[in-house]
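Quick caveat: nothing in here was measured; it's all calculated off a predicted structure. A, B, ... follow the sequence lines: proteins, then strands. Residue 1 opens every chain.
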Protein chains: 2
Amino acid sequence: MKISQGVEWGLHCATLLALAPPDRVVRRDRLAAHYGLPEAYLAKHLQAMARAGVLHAVPGPRGGYRLGREAARITVLDVVEAVEGSTPPFLCQEIRQRGTGALPPDQCRRPCAIHATMTAADQAWRASLRTVTIADLVARLPAGVRERNEKIVS
Amino acid sequence: MKISQGVEWGLHCATLLALAPPDRVVRRDRLAAHYGLPEAYLAKHLQAMARAGVLHAVPGPRGGYRLGREAARITVLDVVEAVEGSTPPFLCQEIRQRGTGALPPDQCRRPCAIHATMTAADQAWRASLRTVTIADLVARLPAGVRERNEKIVS
DNA sequence: GTCCGTTTACTCGGATAGTCGCTGTCCGAGTTGTTAGGG
DNA sequence: CCCTAACAACTCGGACAGCGACTATCCGAGTAAACGGAC
């Protein structure tokens, strides 16, 4: 189990974009340079976020990215699902219905306890990520960093 | 983000081993056949679980596996960490200290808000998995299955 | 009949190839600002 | 001087290689039981 680094990149970029004035776009190369990231690869994740509606991409000269909606309405979970995809991390293979000890389908109408336990843990994980928004991340920036980054994206 | 199928295999096998009488070992090929799994690959996960103390391996003829301790004292999280390893799923790369917008190390003594949020979600996930034990999984087996599987492993 | 040593067969353990998804990169489609020409 | 139309440059979007981790497998080390022989 591992979370791709694209999630971290996307969250940092979203936090930075939240400091820009409304209707102000930031170019991709500026985001990449600010965090020392490979621009071409960062593009892949920003695309995914734009497809999910978390970001809004503006093409052409004077183009760039801005948040898809207000920062307080974008949760960390939204960014994670946009980058990683929303496929559940645990895929039950129903091995209880395979092999010599296979159970008849009649007794497998309900998900097995293992599946239920894993799903409950996943729900807890997502619920935790849902309680934090991009606006909260901005509020927790160290003193002075917010003002400095606001000037950079203006 | 994806959880390896070995976790599911390990949990099912542990649930089955919990039905065996104390000090009774079950051979590896019987576990594999019961769930229709490739024995050689299942061995890799059982090894990992034995190394973590979740299972106890008995070599030689009449050998096999049994639980490392009573089922009520083995949590689902123990099995997950034994199979997947205990490396945290989110590795902060501290990109805030890289690139043109790099922050001085003085302002990075505390983990960033993103890191803290991810860690909190991971803690919630683990806490959820810690509340369920192998004994609980056994208790939630469908009616009749427990008795049938008890006969198989006896 | 009992004890001991050897043999034997069976079990788990670590080392070895194959495959899928994340990582990293490139070039093309689309759009806007510019600029030159004409009225 | 103003309008129009073509041009050009810049931006994002999707398609193309590289690498690490999970998947799958094999053979060797170790052990307990069984068997045969000696006492």
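- In terms of position on DNA chain D, the residue among A:Met1 and A:Gly63 whose nearest nucleotide sits closer to the 5' end is A:Gly63.
- The main-chain N or O of B:Arg146 is never found under 3.5 Å from a side-chain atom of B:Asn149 such that the two would form a donor-acceptor pair.
- C:dG14 atom C1' lies 11 Å from atom CZ of B:Arg28, rounded to whole Å.
- The interatomic distance linking A:Gln93 (CD) with D:dT23 (P) rounds to 9 Å, in whole Å.
- With a 4.5 Å cut-off on side-chain heavy atoms, B:Ile74 and B:Val79 count as touching.
- For A:Pro61, counting side-chain heavy atoms from C-beta on, the closest listed nucleotide (D:dA9, D:dT25, C:dC22) is D:dA9.
- With C:dT31, D:dA24, C:dC12 as the choices, the nucleotide that has an atom nearest any side-chain atom of B:Trp9 turns out to be D:dA24.
- Here C:dT11 presents its P atom at 18 Å from CZ of B:Arg66, a figure rounded to the nearest Å.
- Using a 4.0 Å heavy-atom distance criterion, B:Arg27 is classed as a sugar-phosphate-only contact.
- The side chain of B:His45 approaches D:dT23 more closely than any other nucleotide in the set D:dT25, C:dC12, D:dT23.
- The distance from atom NZ of A:Lys2 to atom C1' of C:dC22 is 7 Å, rounded to the nearest whole Å.
- Annotation: of the two residues near DNA chain C, B:Gly60 and A:Gly60, the 5′-most nearest-nucleotide partner is B:Gly60.
- With the nearest nucleotide of DNA chain C identified for both B:Arg51 and A:Gln5, B:Arg51 has the one nearer the 5' end.
- The main-chain N or O of A:His56 is never found under 3.5 Å from a side-chain atom of A:Tyr65 such that the two would form a donor-acceptor pair.
- Using a 4.0 Å cut-off between a side-chain N of Lys or Arg and a carboxylate O of Asp or Glu, A:Arg140 and A:Asp136 do not qualify as a salt bridge.
- One interatomic measurement links the two molecules: OH of B:Tyr41 to P of C:dG14, which rounds to 16 Å at whole-angstrom precision.
- B:Arg96 has a carboxylate O that lies under 4.0 Å from a charged side-chain N of B:Glu94, or vice versa, which qualifies the two as a salt bridge.
- The side chain of B:Gln47 approaches C:dG13 more closely than any other nucleotide in the set C:dG13, C:dG33, C:dT31.
- Note on A:Ala40: a base of the nucleic acid sits closer than 4.0 angstrom, heavy atoms only.
- Of the candidates D:dA32, D:dA24, C:dT25, D:dA24 carries the atom nearest the B:Lys44 side chain, counting heavy atoms from C-beta on.
- The side chain of A:Ala57 lies closest to D:dG13, out of D:dG13, C:dG33, C:dG13.
- Atom-to-atom, CD of A:Glu84 to P of C:dG21 comes out at 14 Å; the value is rounded to the nearest Å.
- In this structure, A:Leu46 atom CG and C:dT25 atom P are separated by 15 Å, rounded to whole Å.
- In this structure, the NE2 atom of A:His56 is 12 Å from the P atom of C:dT31, given to the nearest Å.
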